[in-house]
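Heads up, the thing below is written out as structure tokens.
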Amino acid sequence: MLFQVYGDNAVYQWIGWILVFCCLIGANELARRTKTGGVIAFLIVPAILTVYFITIYTAAAMGADWALNNPTYVHMTSWFHYAKLYAATAGCIGFMALKYKWGSIGKSHWFKCFPFVIVAINILIAVVSDFESAIRGWGTTWISTEGVTLYGGWHNVFNGLAGILNIFCMTGWFGIYASKNKDDMLWPDMTWVFIVAYDLWNFCYTYNCLPTHSWYCGLALLLAPTVANFFWNKGGWIQNRAFTLAIWCMFAQVFPMFQDYSVFSTQSVNNPNVNLVVSLIALVANVLALGYILVRAKKQGVNPWLQEIFKGTRDYEQAIARAA
């Protein structure tokens, strides 16, 4: 098995997973359906949390016991968590600017490539983290700043390469639309080809580098936006992903005990051989996805990154039908 979901806490682990999955879907719906919901979730709450984080670290630097023992300070010190939180939040704000056409930026054509840029940055953050683990623990283990034992090796390299390839699996960078009712920013050319390749790569990243969190941030967090896209929000996957990721990062940063030391905590098996198999699957999936994209682009005689190449497919047509 990939995770240690057996024993006395197994029922709580499964309940925890279902709760996270359902709550993320619900929170995404609240944030996407109204401008007020989005502003509260991605402007007001992050501003409050920024003050909270600065206060904690300032007080900790001054030796205050309450700050030194604060769960956020003790368990969520890695640069990765903060980079991911603020990069995801920046994506959410940019996506709202595009779907609501805020200011001259939200109405401009050049800004339509923002989703590609911010997603690429998010992917590269994880790629750097994978390579960091490979360098620090090559052929052995190393202890992260949060006290988690990580293996370093070829699995990190393979998945890091999968992440780089995944960036080039994003097509039709300027094919960004707002839905008719302004609920969603749509990227119709981001079809199942990219989504499956991304989900496999990102799951593998969390499995390699976040073994104590992957049960939630590698499965529930990835499946929530994917399920929404496939069943009722066609074309809105990247918005779903950004919204759920930012919301989860905020929750996890403030309440790390849920994943780290409660009845809901779930460890991966943390076996380098399992990591290697998962990483190879992610790499092969992204090689195949990029190959398919390049073949399709060649047949159409277009640049797959500057033009949309999935016109005529079921996913694309269902998504574009929702566009204003």
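Heavy atoms only: backbone and side chains are in, while hydrogens, waters and symmetry mates are out.
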pair Val193-Cys169: side-chain heavy atoms closer than 4.5 Å: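 With C-beta onward as the side chain, the pair stays apart.
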For the side chain to side chain donor-acceptor pair (under 3.5 Å) test, which of Asn202, Asn122, Thr226 pairs with Arg241?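 Filter result, single survivor: Asn202.
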Of Asn156, Asn208, Asn159, which is the lone residue that meets side chain to side chain donor-acceptor pair (under 3.5 Å) with Ser279? Asn208
Neighbour count >12 (heavy atoms, 6.0 Å) for atom [atom1], [X]:
X: Trp142; atom1: CH2; answer: yes
X: Tyr57; atom1: OH; answer: yes
X: Phe168; atom1: CZ; answer: no

With distance as the sole test, does Asn270 use its side chain to make a donor-acceptor pair with the main-chain N or O of Thr149 at under 3.5 Å?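 Yes: the side chain of Asn270 pairs with the backbone of Thr149.
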Would you mind telling me which of Trp215, Tyr6, Phe264, Tyr216 makes a ring pair (Phe, Tyr, Trp, His ring centres under 6.0 Å) with Trp14?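 The residue from Trp215, Tyr6, Phe264, Tyr216 that satisfies ring pair (Phe, Tyr, Trp, His ring centres under 6.0 Å) with Trp14 turns out to be Trp215.
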How are the rings of Tyr86 and Tyr82 set to each other: parallel, tilted or perpendicular (split at 30° and 60°)?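 If you compare the ring of Tyr86 with that of Tyr82, the planes turn out parallel.
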Could you walk me through whether Glu29 and Arg32 pass the salt bridge (Lys or Arg N to Asp or Glu O under 4.0 Å) test, one step at a time? CA-CA 5 Å; Glu29 292 301 306; Arg32 63 176 274 260; 2.6 Å; yes
Straight-line distance of Asp199 CG to Trp192 CH2, nearest 0.5 Å: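 CH2 of Trp192 is found 13.0 Å from CG of Asp199.
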Once rounded to the nearest 0.5 Å, what's the spacing between atom CG of Asn229 and atom CG of Asp315?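 Result: 7.0 Å between the selected atoms.
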Does the pair Ile238 and Met185 meet the rule for a side-chain contact (heavy atoms from CB on, under 4.5 Å), with working shown? CA-CA 8 Å; Ile238 193 60; Met185 184 203 77; 3.6 Å; yes
Among Leu223, Leu219, Thr244, which residue satisfies the side-chain contact (heavy atoms from CB on, under 4.5 Å) criterion with Phe21?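 Testing each of Leu223, Leu219, Thr244 against Phe21, the sole residue satisfying side-chain contact (heavy atoms from CB on, under 4.5 Å) is Leu223.
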